[in-house]
Amino acid sequence: MSRRSLNLDDTLYGYLLDHSLREHPAQAALREATRSQPHAGMQISPEQGQFMAMLVRLMGARRTIEIGVFTGYSALAVALALPADGELLACDISDEYTRVGRPYWEAAGVAHKIALRLAPALDTLDARLAEGAAGHYDFAFIDADKTNYDAYYERCLQLVRQGGLIAIDNVLWGGSVARPAEDASTAAIQALNRKLHRDERIELALVPIGDGLTLARKR
Ligand code: SAM
Ligand code: CA
C-alpha cells in the first residue's frame, strides 16, 4: 500500500483507461477530431472528464458553468451528466476552437443544455452577477487563461450556492508550481494555490488527476 499517489507510466495509464473509461461515442469522436488541432494538449484527459461527470451526478447538479471550452470535450462530459433540463454556461473567446465541438454536442443530444457565450469570461460572469445569479449554480469548472484564475474563482464563489463545487484545472501546471515561477501563469496558479489552502470560505481537496484538479466546496 502506497501512502502517496502513484506515478502512472504508459503501461499503467493504459491499464487505467482499459479498465475504467466509458465514453459516449461522440466523446471518443471529439477527442479524435481534437487530436489534429493545434494546442490539442489543452483538452482534459478522458478519465478526468469521467471524474467530473461523476462529481456532477453525485451532486445532482443542474446548473453549471465552464470557463474555457476549447473544442468542447469537458463541456460534453459535463453536459452528458446533467439531467435533461440541466444547463451549462460555457464561456470562451474563440469561435474557431468552440465550433469544432458543436457537431459532437449535437450528436450526443446535449447541445440544448449548453449555452455558449463567446466573450471574455469575466464579462459573462459579471453580467450573470448583475442579473442576480449569485447562488444560482451548483458546479463551476475553471480552465481558461491562468492569470485570471483568481478573478474567475472569486466570481464563481459568488455564483455557486452553498455546498456548490468549483473545480480548478492545471493546479500542478506540469510540476512547475513547485519551483520558482518563471512566468505569469505559473505565478498566478501558485498564488491561487496558496490562497485556497487557507481560504475559510471553502472545503478543499487537490486531486492529482491530469495536470492537477482542485476541488473547492463552498461552505
Ligand atoms: N476545458 C477545455 C477542454 O478540456 O477541452 C480546455 C480549455 S483550454 C485549456 C483554455 C480555453 O480558454 C481556450 O479555448 C481559450 O480560447 C479560452 N480563453 C482564454 N482566455 C479567455 C478569456 N479571457 N475568456 C474566456 N475564455 C478564454
Ligand atoms: Ca486544462
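Every number for a ligand or one of its atoms is a count from 1 in the order of the listing. The shown structure was predicted, so the numbers you read here are calculated from the model rather than taken from an experiment.
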Does [X] reach ligand 1 with a nitrogen or oxygen that is under 3.5 Å from one of the ligand's nitrogen or oxygen atoms?
{"X": "F141", "answer": "no"}
{"X": "A121", "answer": "yes"}
{"X": "G72", "answer": "no"}

* Give a yes or no on whether a salt bridge exists between K218 and E203, defined as a side-chain N under 4.0 angstrom from a carboxylate O. => no
* **Carboxylate-amine/guanidinium proximity below 4.0 Å for D199 and K195** => no
Which ligand 1 atoms, with their elements, are less than 4.0 angstrom from a heavy-atom of [X]?
{"X": "Y97", "result": "14 (O), 16 (O)"}
{"X": "V69", "result": "2 (C), 3 (C), 5 (O)"}
{"X": "S94", "result": "16 (O)"}
{"X": "P120", "result": "24 (N)"}

Got a donor-acceptor contact below 3.5 angstrom from the [X] side chain to the [Y] backbone?
{"X": "Q27", "Y": "H24", "value": "yes"}
{"X": "N170", "Y": "W173", "value": "no"}
{"X": "K146", "Y": "T186", "value": "no"}
{"X": "Y149", "Y": "S185", "value": "no"}
{"X": "D169", "Y": "L213", "value": "no"}
{"X": "D143", "Y": "I168", "value": "no"}

* Asked: Considering only heavy atoms, does T98 approach ligand 1 within less than 4.0 Å through its side chain, its backbone, both, or neither?
  -> neither
* To do: State whether S74 contributes an N/O/S atom found under 3.0 Å from the Ca ion (ligand 2).
  => no
* **Any N, O or S atom of D211 closer than 3.0 Å to the Ca ion (ligand 2)** => no
Name the closest protein heavy atom to [atom], giving the residue it belongs to and the distance to 0.1 Å.
{"atom": "atom 4 (O) of ligand 1", "answer": "I44 N, 2.9 Å"}
{"atom": "atom 3 (C) of ligand 1", "answer": "S74 OG, 3.4 Å"}
{"atom": "atom 23 (N) of ligand 1", "answer": "Y152 OH, 3.4 Å"}
{"atom": "atom 5 (O) of ligand 1", "answer": "Q43 CA, 3.4 Å"}

* Give the name of the N/O/S atom in D143 that lies closest to the Ca ion (ligand 2). => OD1
* Nearest to the Ca ion (ligand 2) - the N/O/S atom of D169, by atom name -> OD2
Can you list, pair by pair, the side-chain donor-acceptor contacts under 3.5 Å of residues 68-93, counting residues two or more places apart and other chains?
| residue | atom | partner | partner atom | Å |
| --- | --- | --- | --- | --- |
| T71 | OG1 | T34 | OG1 | 2.8 |
| Y73 | OH | E23 | OE2 | 2.5 |
| S74 | OG | E66 | OE1 | 2.8 |
| S74 | OG | E66 | OE2 | 3.3 |
| D85 | OD2 | R62 | NE | 3.4 |
| E87 | OE2 | H136 | NE2 | 3.4 |
| D92 | OD1 | S94 | N | 2.9 |
| D92 | OD2 | V69 | N | 2.8 |
| D92 | OD2 | F70 | N | 3.1 |

* Structure fact -> Among D143, I93, L76, N170, the residue with a heavy atom nearest to atom 19 (C) of ligand 1 is I93
* Selected option - heavy-atom contact closest to atom 21 (C) of ligand 1, from L118, D145, D92, T147 -> D145
* Asked: Take atom CD in E96; do more than 12 heavy atoms of anything else shown fall under 6.0 Å from it?
  -> no
* Identify whether I166 and L159 are in the same connected component of the hydrophobic contact network (ILVMFWY, side-chain heavy atoms under 4.5 Å). => yes
